[in-house]
Amino acid sequence: MYKYTPPDYYLVDELLTDEHKIIRSSIRDWVDRSVTPIIEGAAQNNEFPLYLFKELGKLGAFGPFIPEEYGGAGLDYISYGVIMTELERGDSGIRSAASVQTSLVMYPIFRFGSEEQRRKYLPKLATGEMVGCFGLTEPNHGSDPGSMETKFSDEGDHFLLNGAKMWITNSPIADVAVIWAKDEEGKVRGLIVEKGMEGFSAPETKGKWSLRASITGELVFDNVKVPKENLFPNVIGLKGPLSCLNSARYGIAWGAIGAAMDCYNTALNYSLERKQFNKPIASFQLQQKKLAEMVTEITKAQLLAWRMGVLRNEEKATPGIISMAKRNNVEMALKIARDSRQILGAMGITDDFPIMRHMMNLESVITYEGTHDIHLLITGMDITGIPAFS
Ligand code: TGC
Ligand code: FAD
């Protein structure tokens, strides 16, 4: 395994503040210490290293932009992005855990929840004492969440929730689930469902070839009685869950750069060391083409992410801006993983190197939080004004 030396061809580091660099270095050290040594084994064994959850909480990886009074760190969005890049250099599954906890659980509770909900859940989610998950996707409705079937009725002193969600990161280990369901008028609302509520189960989804160090499952609601105070009072409609996705997609656009940089760093070092025909393979033009294109694409992705971060801090990052960065940066990372794998030849398929694991993980990353196609259509709609989804 090579020392991690991420590329910074355009001196993008100079755009970061000292605070961003301190945060980055603490997460990078933690990944070197706690993730890199165990992650290949965890992926091979298809196990989420749950004990890392509280460590992530201690590091401040959960809710970095949530105000300190609710347990967050009150940082800006570039700090959040930098954290995501470092975590995904370790593994997309570790970044997923932080994405879901931060953007899909803490963010909606902070933004749409009551003051009581904020005080009850946010501090424990920030420390990792509580694990959260987010249920939007259903067996019959993935790209089209507006057609969801999960619904709840008003039973006087409580709600009755029925339906099912699928492909939910962390659902089997979650203490709380942020669930999006339709009310009796067909309006999408958000509810907090807690582990142990009667009729609520969260079976694990087995057999994944991707994100093997992350746990995924279903959420099944069979006449679950949900207390009325668990409804989000401050949002009605699909814009609720879609706003959470903006935050998570933003983090993924930064995160994918970490996976790409780890692959590039591995391929560059290997190509300088590995000799064929009495020369390092890095001396052959075909390999230099791959490496030169990789560093070019990483640089473009870094600049896109940084600019998106500035706009997000200024509350000017539209959903279209975020979709473009998620789509571009994840595709970039997946291509770099594939090209890096080729540079390593047969060694590229082994777990002596991180490339194949990143490549398989990125097949999920390019699908979740909106597929590659859906993000293209979001950009298409943004520039033409015509939605082409249906
Ligand atoms: P549409 O009619 O366009 O919009 C409905 C309402 O929502 C508003 N809206 C948004 N609001 C905030 N942010 C956005 N990005 C928004 N996009 C739309 C819109 O203005 C409208 O508001 P209003 O007030 O007029 O009602 O909705 P549509 O039904 O046509 O769907 C549009 C589409 C296809 C873009 C959207 O539904 C979509 O993004 N589909 C992809 C689904 C998706 O991304 N699912 C992700 C599930 S979570 C996940 O994958 C977690 S992975 C976790 C991990 O990291 O491990
Ligand atoms: P579909 O929507 O069935 O799409 C299938 C194919 O059709 C895709 O190629 C898609 O691009 C294409 N397609 C669909 N509609 C159109 C269209 N209008 N035009 C052109 N092409 C179209 N969801 C959650 O709610 N919470 C989670 O925590 C979560 N975690 C996940 C973890 C993992 C590991 C994975 C793999 C998924 C997770 N998801 C989660 C679900 C994820 O968001 C969905 O898989 C994703 O939104 C796509 O939905 P789908 O798989 O049903 O695909």
Side-chain angles (χ1 to χ4, degrees), residues 48 84 87-88 91-105 107-108 111-112 131-148 150 164-174 177-181 186-188 190 202 204-219 235-253 255-256 317-324 326-327 330 360-382 385-390:
F48 174 60
M84 296 292 115
L87 292 180
E88 194 142 2
D91 190 77
S92 302
I94 303 295
R95 194 270 306 135
S96 260
S99 286
V100 170
Q101 190 87 346
T102 298
S103 287
L104 299 183
V105 181
Y107 174 83
R111 172 120 186 248
F112 306 127
V131 179
C133 70
F134 174 91
L136 180 64
T137 305
E138 299 189 349
N140 296 326
H141 309 284
S143 297
D144 176 22
S147 300
M148 69 176 69
T150 301
K165 300 286 176 181
M166 199 174 174
W167 296 115
I168 308 303
T169 299
N170 284 347
S171 77
I173 54 165
V178 167
I179 301 304
W180 299 94
K187 290 185 178 144
V188 173
E204 185 177 350
T205 300
K206 304 267 194 189
K208 291 180 297 166
W209 285 117
S210 174
L211 284 182
R212 287 174 60 81
S214 166
I215 185 163
T216 314
E218 295 168 50
L219 294 166
V235 73
I236 299 177
L238 201 55
K239 61 178 179 286
L242 292 179
S243 306
C244 308
L245 299 188
N246 293 336
S247 180
R249 291 166 177 173
Y250 168 91
I252 290 171
T318 60
I321 285 173
I322 294 171
S323 276
M324 183 183 281
K326 191 269 183 183
R327 183 173 190 275
V330 177
M360 295 197 301
N361 285 343
L362 289 162
E363 290 291 344
S364 285
V365 181
I366 205 164
T367 290
Y368 67 32
E369 293 288 354
T371 66
H372 203 55
D373 297 329
I374 289 295
H375 289 295
L376 179 100
L377 293 176
I378 290 172
T379 306
M381 177 175 68
D382 227 24
I386 307 167
F389 303 109
S390 54

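Just follow the structure's listing: the first ligand is 1, and inside any ligand the first atom is 1. For reference, positions follow the sequence shown, starting with 1.
- Applying the side chain to side chain donor-acceptor pair (under 3.5 Å) criterion to D382, with sequence neighbours excluded, gives no partner residue.
- In this structure, atom 51 (C) of ligand 1 lies nearest to the protein heavy atom E369 OE2, 3.2 Å.
- Of all protein heavy atoms, the one lying nearest to atom 29 (O) of ligand 1 is L238 CD2, 3.6 Å.
- For atom 36 (C) of ligand 1, the nearest non-hydrogen atom of the protein is L242 CD2, 3.9 Å.
- Within a 4.0 Å radius of atom 55 (O) of ligand 1, the protein contributes one or more non-hydrogen atoms.
- Each of F134, L136, T137, G142, S143, W167, I168, T169, L211, S364, T367, Y368, E369, T371, D373, L377, F389 has a non-hydrogen atom positioned under 4.0 Å from some atom of ligand 2.
- Nearest protein heavy-atom contact of atom 42 (C) of ligand 1 is G142 O, 3.7 Å.
- Atom 40 (N) of ligand 1 is flagged as protein-proximal [any protein heavy atom, distance under 4.0 Å].
- Residues that satisfy the side chain to side chain contact (heavy atoms under 4.5 Å, CB included) test with L376, not counting sequence neighbours, are R327.
- Close approach of ligand 1 to S243 (heavy-atom distance below 4.0 Å) involves ligand atoms 12 (C), 13 (N).
- Heavy-atom proximity to N246, at under 4.0 Å, picks out these atoms of ligand 1: 12 (C), 13 (N), 14 (C), 15 (N).
- Shown here, atom 20 (O) of ligand 1 is out of close reach of the protein: none of its heavy atoms lies under 4.0 Å off.
- In this structure S323 satisfies the side chain to side chain contact (heavy atoms under 4.5 Å, CB included) test together with R249, H375, I378, sequence neighbours excluded.
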